Novice: 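Got a structure here, written out as structure tokens. Questions coming.
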Amino acid sequence: MALPLVLLTHPLPPEWISTLQGRVRLLVGPAEPPGFAPHLLEYLGEAEGIFCLLTDKVDQALLEAAPRLRVVSNMAVGYDNIDIPACTRRRLPVGNTPGVLTDATADLAFALLLASARGLTKAALDARDGLWQTWSPIGWLGADLRGATLGLVGLGKIGKAVAERARGFGLNLLYTDSAPQPAAESALGVQYASFDQLLRTSDFVSLHCPLSAETRHLINAQTLRRMKKTSVLINTSRGAVVDTDALVNALREGWIAAAGLDVTDPEPLPPDHPLYDLPNCLIAPHIGSATHGARRHMAELACENLLAGLEGRPLPHCVNPELND
Ligand code: DGY
């Protein structure tokens with residue numbers, strides 16, 4: 001019997017996807033540009049599985065061109081690149097990769113928080129550019145962490161992992177989510193707050209919510225103006241949770257003090273984007289999960305989801321709620 005055809009949109013190290021060997025026929029896309037390469041699109045009609053990245057759009061049109069598809073496996077925990085209702089209507093399971101990137105992403109959120117609090121980018125550039133003339137008692141002053149308040153928008157796995165790290169730095173912790181989580185409150189010493197309360201009282205606001213219709217531009221001109229002028233915004237979730245133009249104004253005009261972003265909207269930002277000119281904005285190229293271990297585990301989990309879907313078994317991590325019953 002012929003092996004099922006799987007479209008893998010981006011090349012991956014063979015050892016990360018070794019479980020697919022001998023079980024599927026792989027057609028692999030190029031490293032760039034992102035998305036489904038034309039030579040993959042030609043085979044949509046035959047494909048039984050898709051192994052994709054967060055940069056690949058799986059929408060209704062693509063699904064219609066793939067009548068034999070039995071599973072979509074996304075190598076990411078976020079899945080806003082996929083039309084889930086359209087997949088569910090076809091009873092097409094979609095897999096994601098939660099858990100294995102939690103620590104890596106929380107570490108990066110904390111790295112951005114520390115670097116933004118202490119103005120590390122500017123300080124390092126000043127040193128390199130010869131502006132470090134002497135030890136200055138009033139030079140390169142940053143924010144204190146101990147006793148300050150960190151507000152977590154979203155207390156899922158990554159939000160909780162950031163909370164664990166923050167406790168070690170003596171930060172007070174607030175969180176907001178769709179509902180209070182009493183077990184997490186006692187385990188992590190976090191306190192529930194309304195979104196509004198959290199914005200008004202936090203010295204650091206870190207975003208850990210998925211991108212959805214409700215969270216798109218959750219951070220906008222109005223909500224940025226509610227934050228403290230001394231506060232720092234950290235985003236390791238999805239760029240579009242923040243209204244980019246409003247953030248430019250907020251950082252330029254001092255509505256908030258600084259931002260540390262691992263994700264932007266659009267992604268990537270054009271090199272001449274105004275955010276890159278702002279000394280109080282630190283931007284990383286969506287590297288939250290970019291550790292050797294996390295990325296390998298994400299690929300392995302994506303393989304498990306893919307194989308389960310092809311073999312008609314429940315996916316270890318299936319995101320369509322209606323297909324999980
Ligand atoms: C994810 O998996 O959704 C992350 O954004 C990847 O870094």
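Everything numeric in this text was worked out from a predicted model, so none of it was measured. Whatever order the structure lists ligands and atoms in, that order sets their numbers, starting from 1. Values reported hereafter were calculated over all heavy atoms of this structure, with side chains retained and with hydrogens, waters and symmetry mates removed.
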Novice: Using a 3.5 Å cut-off on N or O atoms only, is His286 in polar contact with ligand 1?
Specialist: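 Such a contact does occur with ligand 1.
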Novice: State plainly whether the residues Glu15 and Arg296 are in salt-bridge range, i.e. N to O under 4.0 Å.
Specialist: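 Salt bridge: no.
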Novice: Where is the tightest heavy-atom contact between Leu251 and Cys281, given as atom of each residue plus distance?
Specialist: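 Closest approach of Leu251 to Cys281, heavy atoms only: CD1-CB, 3.8 Å.
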Novice: Using a 4.0 Å cutoff against the non-hydrogen atoms of Arg238, which atoms of ligand 1 qualify?
Specialist: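 The list of qualifying atoms is 1 (C), 3 (O), 4 (C), 5 (O).
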Novice: If you look at every heavy atom in Gly159 and Leu152, which pair is closest and at what distance?
Specialist: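 Scanning both residues completely, I find the closest heavy atoms to be O-CD1, 3.6 Å.
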Novice: How far is atom 6 (C) of ligand 1 from its nearest protein heavy atom, and which residue and atom name does that atom have?
Specialist: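 Looking at atom 6 (C) of ligand 1, the protein heavy atom closest to it is Ser289 OG, 3.4 Å.
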Novice: What part of Leu101 sits under 4.0 Å from ligand 1 if we count only heavy atoms: the side chain, the backbone, both or neither?
Specialist: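 Contact part for Leu101 vs ligand 1: side chain (C-beta onward).
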Novice: Verify, without hydrogens or angle tests, whether Ser73 (side chain) and Ala302 (backbone) share a donor-acceptor contact under 3.5 angstrom.
Specialist: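 Flag set: sc Ser73 to bb Ala302 pair under 3.5 Å.
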Novice: Is there side-chain contact between Thr223 and Phe195, with at least one heavy-atom pair below 4.5 Å?
Specialist: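 Yes, their side chains come closer than 4.5 Å.
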Novice: Ignoring angles and geometry beyond distance, decide whether Gly78 reaches within less than 3.5 Å of ligand 1 through its nitrogen or oxygen atoms.
Specialist: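 Yes - when backbone and side-chain N and O of Gly78 are compared with those of ligand 1, one distance drops under 3.5 Å.
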Novice: Evaluate the side-chain proximity of Trp16 to Met298: yes if any heavy-atom separation is below 4.5 Å, no if none is.
Specialist: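 No; the side chains remain at least 4.5 Å from each other.
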Novice: Which atoms of ligand 1 are found less than 4.0 Å from any heavy atom of Leu54?
Specialist: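 Here the atoms of ligand 1 in question are 5 (O), 6 (C).
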Novice: Taking heavy atoms and a distance under 4.0 Å, where does Val263 meet ligand 1: side chain, backbone, both or neither?
Specialist: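 For Val263, there is no contact with ligand 1 at all, from either part.
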Novice: What part of Met75, side chain from CB on, backbone N/CA/C/O, both or neither, has a heavy atom under 4.0 Å from ligand 1?
Specialist: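 Met75 to ligand 1: no contact under 4.0 Å from either part.
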Novice: Starting from atom 1 (C) of ligand 1, find the nearest protein heavy-atom neighbour and note its residue, name and distance.
Specialist: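 Heavy-atom neighbour on the protein nearest atom 1 (C) of ligand 1: Val77 N, 3.4 Å.
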